[in-house]
Engineer: 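Once you've had a glance at the structure underneath, I'll fire off some questions.
Keep in mind that what you see is a predicted model, and the values were worked out from it rather than measured.
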Amino acid sequence: MTDLETPAAPPRPGPSWRRAAPALLGYAAVRALGLAVLAVWSATRDKSALTLLSARWDSLWYSRVAELGYGYEVRLPNGDVHSNLAFFPLLPWLERGVSAVSPLSAAHAGLLVSWVASLAAAWGIFAVADHVYGRRAGVCAVLVWAVLPVGIVQSMAYSESLFTALAAWSLYAVLTGHWLTAGLLASLAGLTRPVGAAVVAAVWVTAIASFAGERSAPSADGASVWRRALAMLIAPLGAAGYVLWVGHRTGGGPLGYLDVQAGWRNGFDGGHAFARFVADKFTSFPSALAGLGLIAGVGLLVWLYVICVRQRQPLPLLVYAGVVTALALCASSYFGSKPRLLLPAFPLLLPLAPALARLRTARSAWVLGGVAVASAAYGAFWLNGSGPP
């Protein structure tokens, strides 16, 4: 047994804000460091950190949906059509609502929503990790998520923070048997990003497994059964509703949303395009180093997932993390964005939390603090580059 193979601890008390306070304060400190480094780095290059966070790349698409609605598209010289129908509506709806009741623009409202959602996501991650491993590991899990190299995305007007918050709390609701809450949050996650399918899968697989277990050893009352069944019905409504609406609007039928994604040259090909992208890196020596790094990164993800399985993490976490990882790695485009697409897969980080929790507080603080500084510097470098995160 390795240091990472720690058996799950008994369930802990509910995640009150006081219980989560150390995790939330530590998370806020890490994000504040990242923003400070970004501000200084951007100023030295005559760029606006606020613009980088709220009005570049996907942030622009979300704010345009909030301001103008759906129907905007860009036709590229090669014939590709980039339609804003590719972007799910919950974040733009919230941007529009916040800007309507405040002096904030849609872009700045999106930034506020993302910052609040990132704290909610940190709290949800703490709740899940605390439930499985205990409070100290819960704090470590949140801090590990905060110091990821792509952690700066948590502070951008992107949908990752909002989605992770909804996903984490939906998973916690499943773990604690609050099925209707789990189904509702899964439905909202499905209105946020296409990967909402991972939350729906976690609800469905866990509910079906519980039904199968009760068939062999009946123990649940009728109300519990109906709550689970209703959660299964509610969970996919958000994603299904938006996808069907897009199909109706475009005239493409139930698969119309896939046509919209094809206009962005995005789809699901089982990882073939990504494998070819990695293989192409080995055509010259400098790029071969990047290829080795990509292979090592994928290997690390697989290793962490194997450890999750060996630790016997709860079924909903395994299902959710597995689907998020598969969808991210097997998408056929935007290879540079894959680290960001993996940001919601926080259960993959949970094996690290007990190992850090066993260290002395001073030692774990030095480790996480050093990584936080490196993450802040990388995030500033990344956002000041030419391409989108």
Engineer: Kindly check if the number of other-residue, nucleotide or ligand heavy atoms within 6.0 Å of CZ (R45) is above 12?
Structural biologist: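 Counting other residues, nucleotides and ligands, CZ of R45 exceeds 12 neighbours.
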Engineer: Determine whether the aromatic ring centres of F88 and W93 lie less than 6.0 Å apart.
Structural biologist: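 No: the rings miss the under 6.0 Å criterion.
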Engineer: Less than 3.5 Å apart, any donor N or O on the side chain of T361 or R136 sitting next to an acceptor on the other?
Structural biologist: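 Side chains of T361 and R136: pair found under 3.5 Å.
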Engineer: Which side-chain N or O atoms in residues 178-189 pair as donor and acceptor under 3.5 Å with protein atoms at least two apart or in another chain?
Structural biologist:
{"from": "H178", "atom 1": "ND1", "to": "T176", "atom 2": "O", "distance (Å)": "3.4"}
{"from": "H178", "atom 1": "ND1", "to": "T176", "atom 2": "OG1", "distance (Å)": "2.9"}
{"from": "S187", "atom 1": "OG", "to": "G238", "atom 2": "N", "distance (Å)": "2.9"}

Engineer: Checking side-chain contact (heavy atoms from CB on, under 4.5 Å) between Y305 and each of V309, L301, I307, which is the one that passes?
Structural biologist: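 Per the side-chain contact (heavy atoms from CB on, under 4.5 Å) rule, the option paired with Y305 is V309, out of V309, L301, I307.
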Engineer: I'd like to check the salt bridge (Lys or Arg N to Asp or Glu O under 4.0 Å) partners of R340; sequence neighbours left out, ordered by chain and number.
Structural biologist: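 Here the qualifying residues are D58, E160.
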Engineer: Are Y62 and E67 linked by a side-chain donor-acceptor pair shorter than 3.5 Å?
Structural biologist: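 There is no such pair (donor and acceptor under 3.5 Å, judged by atom type) between the side chains of Y62 and E67.
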Engineer: Any side-chain donor paired with an acceptor under 3.5 Å for S210 and R228?
Structural biologist: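 The answer is yes; a qualifying pair exists.
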Engineer: Which residue, V324, V323, L317, forms the side-chain contact (heavy atoms from CB on, under 4.5 Å) with Y320?
Structural biologist: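 In the set V324, V323, L317, the residue that makes a side-chain contact (heavy atoms from CB on, under 4.5 Å) with Y320 is V324.
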Engineer: CZ of R265: more than 12 outside heavy atoms within 6.0 angstrom?
Structural biologist: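 No.
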Engineer: Classify the side-chain pair N384/S42 by whether it contains a donor and acceptor separated by less than 3.5 Å.
Structural biologist: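 Yes - a donor-acceptor pair under 3.5 Å links their side chains.
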Engineer: Can you label the angle between the Y378 ring and the F381 ring as parallel, tilted or perpendicular, going by 30° and 60°?
Structural biologist: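 Aromatic pair Y378/F381 classed tilted.
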Engineer: Which atom pairs, donor and acceptor, lie under 3.5 Å between side-chain atoms of residues 273-284 and protein residues at least two apart or in another chain?
Structural biologist:
{"from": "R276", "atom 1": "NH1", "to": "H272", "atom 2": "NE2", "distance (Å)": "3.0"}
{"from": "T283", "atom 1": "OG1", "to": "D280", "atom 2": "O", "distance (Å)": "2.9"}
{"from": "S284", "atom 1": "OG", "to": "S287", "atom 2": "OG", "distance (Å)": "2.9"}

Engineer: Honestly curious: do L166 and V203 fall in one hydrophobic cluster under the side-chain, below-4.5 Å linking rule?
Structural biologist: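 Different clusters: L166 never reaches V203 through Ile, Leu, Val, Met, Phe, Trp or Tyr contacts under 4.5 Å.
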Engineer: Kindly assign one of parallel, tilted or perpendicular to the pair W145 and Y27, based on the angle between their ring planes and the thresholds 30° and 60°.
Structural biologist: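 Parallel: the ring planes of W145 and Y27 meet at under 30°.
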Engineer: Answer whether the closest heavy-atom distance between the side chains of P316 and V205 falls below 4.5 Å.
Structural biologist: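 They are not in contact (no side-chain heavy atoms under 4.5 Å apart), so the answer is no.
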Engineer: Counting the benzene-type ring for Trp, do W123 and F126 have ring centres under 6.0 Å apart?
Structural biologist: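 No - the distance between ring centres of W123 and F126 does not fall below the 6.0 Å cut-off.
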